[in-house]
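To keep things clear, I will list the structure first and then write my remarks on it.
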2 protein chains.
Amino acid sequence: MTDPLTASTPLERALALLWGRDTRGSRGPARGLTLDRIVEAAIEVAEREGPAAMSLRRVAARLDVGVASLYTYVPGRAELEALMLDAVAIGRTLPHELPGDWRAKLTALAHDDWREIRRHPWVLELGAAEQVPGPNMLRWLDSALRIFDGTGLSETEKLSAIETVDAYVRGLGRLRGPEPRRADIASGTGSEADHDHDPGAEAGSEDTRERDQALGRLVDFDRYPALRRALAAGGTPYSGTPFEFGLERLLDGIEQLVLRRSP
Amino acid sequence: MTDPLTASTPLERALALLWGRDTRGSRGPARGLTLDRIVEAAIEVAEREGPAAMSLRRVAARLDVGVASLYTYVPGRAELEALMLDAVAIGRTLPHELPGDWRAKLTALAHDDWREIRRHPWVLELGAAEQVPGPNMLRWLDSALRIFDGTGLSETEKLSAIETVDAYVRGLGRLRGPEPRRADIASGTGSEADHDHDPGAEAGSEDTRERDQALGRLVDFDRYPALRRALAAGGTPYSGTPFEFGLERLLDGIEQLVLRRSP
DNA sequence: ACGAAACTCAGTATACCGTTCGGAGTTAAC
DNA sequence: GTTAACTCCGAACGGTATACTGAGTTTCGT
């Protein structure tokens, strides 16, 4: 019933796999692979060729194995993706162990989250479908909630606060563009100052510059006076300011709530 | 050179299409379709069958046309997606025309954004690849920037504020799961109170409930005490949706900045 | 007025993808 | 020793995007 390969719904299969309820017999030849090696290979493929290129065929090829063999270990692609997502949570530092008060911890959590997302953009692509929580993800979430120990926040508020920060970080990561490591939207004014200095974010890639020029050639920015002003000031539409700006606004807002709750 | 069908890079093709620099000859038979009708059909497909089901074949079938015919209008799938994304921006209300002060406008903007994303989840799926700005998107962005007219915010800060709110809304929309309309993380304690009451978000769908049960069967929640506590506190002291919670924290933070800028 | 260039459009081909099926070989259980 | 369970994999099915070819249609240049 909890056998991941025979369970009825794909959801149950994914859960059984994630939580290690793998009840298979002992007959037959020894297995040449392990689940961990498959997940590792899948992550490597996604890492170096992009999330779209992550196919069972490529994973199998990287493991020198036939495609069909993978189905002995994993029921299908969706389940493999769930395993990949939970696997990245292994490397995350547990937030409640960070030094400082809640704000320092939450800041570090957000930066860690941001770094992780910039390093492994494929997480954002996979994250949409079938978000099935695994043990590592839940452990991380549990730790994140403990950040607010001692503040007067209610349990629901703690959960919402974590969710909000996570939503912001992931949303920004997605706006920044996951795939070709883009940084900015075109300015067209030629003033594309780079004021993004957080680690892992390089600005002004080849693609970006090219697009900037093409856009500037086609668009009459006089039709967008406010936008023109913002661009002239060195900003860029969908990614101009550093990640830290939004994060600090968000933390300021949370801090107000904390102060209100514990006088 | 700006012909979308012969331009060298896919980026230039997309831009030329979006900005209407379609310089095609006048010979040959009359075209049976228009670009707008194709985009409209594509959106309809994505709307009712999910973003993954949006294929050129289905769009062509819906228009009673061969697949190859579409390629005389659109260079490829990526360009069609860019057109779809810009098309949804047509319906958006222009933020600067909203009533009230900047905070009221920004609140309305976020709610409008949220509503749009809950209604058209496919936007989040497509939004990743090749974010090429179209005229409608830039018009909306220009309007959004004008929200902060009169505040002392710098141009870059205005841009960042919009970006931050947008990132939060989209990120949350993605965390919530675009496809099977899920609501919360499973509780497993049986206390899965539904505290999501904004229009368009029904909580506790069939899938969610099923997953909750399966998860509760497999997971020992004693290993996650903080999480258990948060889940047990299903009754929410905060009167509002999780979306509004995060939004108000964010707006509080922005308000602090505004106050600091204009004394 | 008329040929030729330009254009639309469908069918076909290629190259991927996830998944299933059936068979061959291997091992543990009985 | 027989049998049942298990691993592995080639082949195939139905799906996708896209390229290419070729036939038919319309309008321009003369």
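Sequence lines set the chain letters: A, B, ... in the order given, protein chains first and strands last, and positions in each chain run from 1. This structure is a prediction, so every number in the text was calculated from the model and none was measured.
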Which residues share a side chain to side chain contact (heavy atoms under 4.5 Å, CB included) with Ala53(A), sequence neighbours left out: Glu49(A), Arg58(A)
Cation-aromatic face contact Arg31(A)/Tyr73(A), 6.0 Å, 45 degrees: yes
Rounded interatomic separation in angstrom, taking CZ from Arg77(A) and C1' from dT16(D): 13 Å
Intermediate values then yes/no, side chain to side chain contact (heavy atoms under 4.5 Å, CB included), Arg139(A) and Asp142(A): CA-CA 5 Å; Arg139(A) 192 177 54 131; Asp142(A) 185 79; 5.7 Å; no
Check ion pair Arg174(A)-Glu125(A) (N to O, under 4.0 angstrom): yes
Please list, one pair per line, the donor and acceptor atoms closer than 3.5 Å that link side chains of residues 84-93 of chain A to other protein atoms, with sequence neighbours excluded.
from, atom 1, to, atom 2, distance (Å)
Asp86(A), OD1, Asn136(A), N, 3.3
Asp86(A), OD1, Met137(A), N, 3.0
Asp86(A), OD2, Asn136(A), N, 3.3
Asp86(A), OD2, Asn136(A), ND2, 2.8
Arg92(A), NE, Asp112(A), OD2, 3.1

Where at least one partner belongs to residues 60-69 of chain B, residue pairs that pass side-chain hydrogen bond (donor to acceptor under 3.5 Å, both in side chains), sequence neighbours excluded: Glu44(B)-Arg62(B)
Rounded distance (Å) that lies between atom C1' of dC8(D) and atom OH of Tyr73(A): 8 Å
Residues forming a side-chain hydrogen bond (donor to acceptor under 3.5 Å, both in side chains) with Asp222(A), sequence neighbours excluded: Arg228(A)
For the student: nearest non-hydrogen atoms of Leu138(A) and Pro133(A), plus distance: CD2-CB, 3.9 Å
Separation of atom CE in Met54(A) from atom P in dC17(C), rounded to whole Å: 11 Å
Between the protein and nucleotides 24-30 of chain C, are there any N/O to N/O pairs under 3.5 Å, and if so, what are the atom names and distances?
from, atom 1, to, atom 2, distance (Å)
dA29(C), OP1, Ser26(A), OG, 3.4

Value in whole Å for how far the C1' atom of dC9(C) lies from CG of Leu56(B): 15 Å
d(CG, Leu63(B); C1', dT8(C)) in whole Å: 15 Å
d(CG, Leu70(A); P, dT20(C)) in whole Å: 13 Å
Nearest to side-chain heavy atoms of Ser55(B), which nucleotide of dC8(D), dG18(C), dA17(D): dA17(D)
Interatomic distance where CZ belongs to Arg58(B) and C1' belongs to dT16(D) [whole Å]: 10 Å
Tabulated below should be each protein N or O lying under 3.5 Å from an N or O of nucleotides 10-14 of chain C; please produce it.
from, atom 1, to, atom 2, distance (Å)
dA10(C), OP2, Gly66(B), N, 2.7
dA10(C), OP2, Ser69(B), OG, 2.3

Under 4.0 angstrom between Tyr71(B) side-chain N/O and dC9(C) OP1 or OP2: no
Val132(A) vs Trp19(A), side chain to side chain contact (heavy atoms under 4.5 Å, CB included): CA-CA, chis, key distance, verdict: CA-CA 11 Å; Val132(A) 185; Trp19(A) 293 90; 5.9 Å; no
Atom pair distance, as rounded to whole Å: CZ in Arg31(A) and P in dC9(D): 13 Å
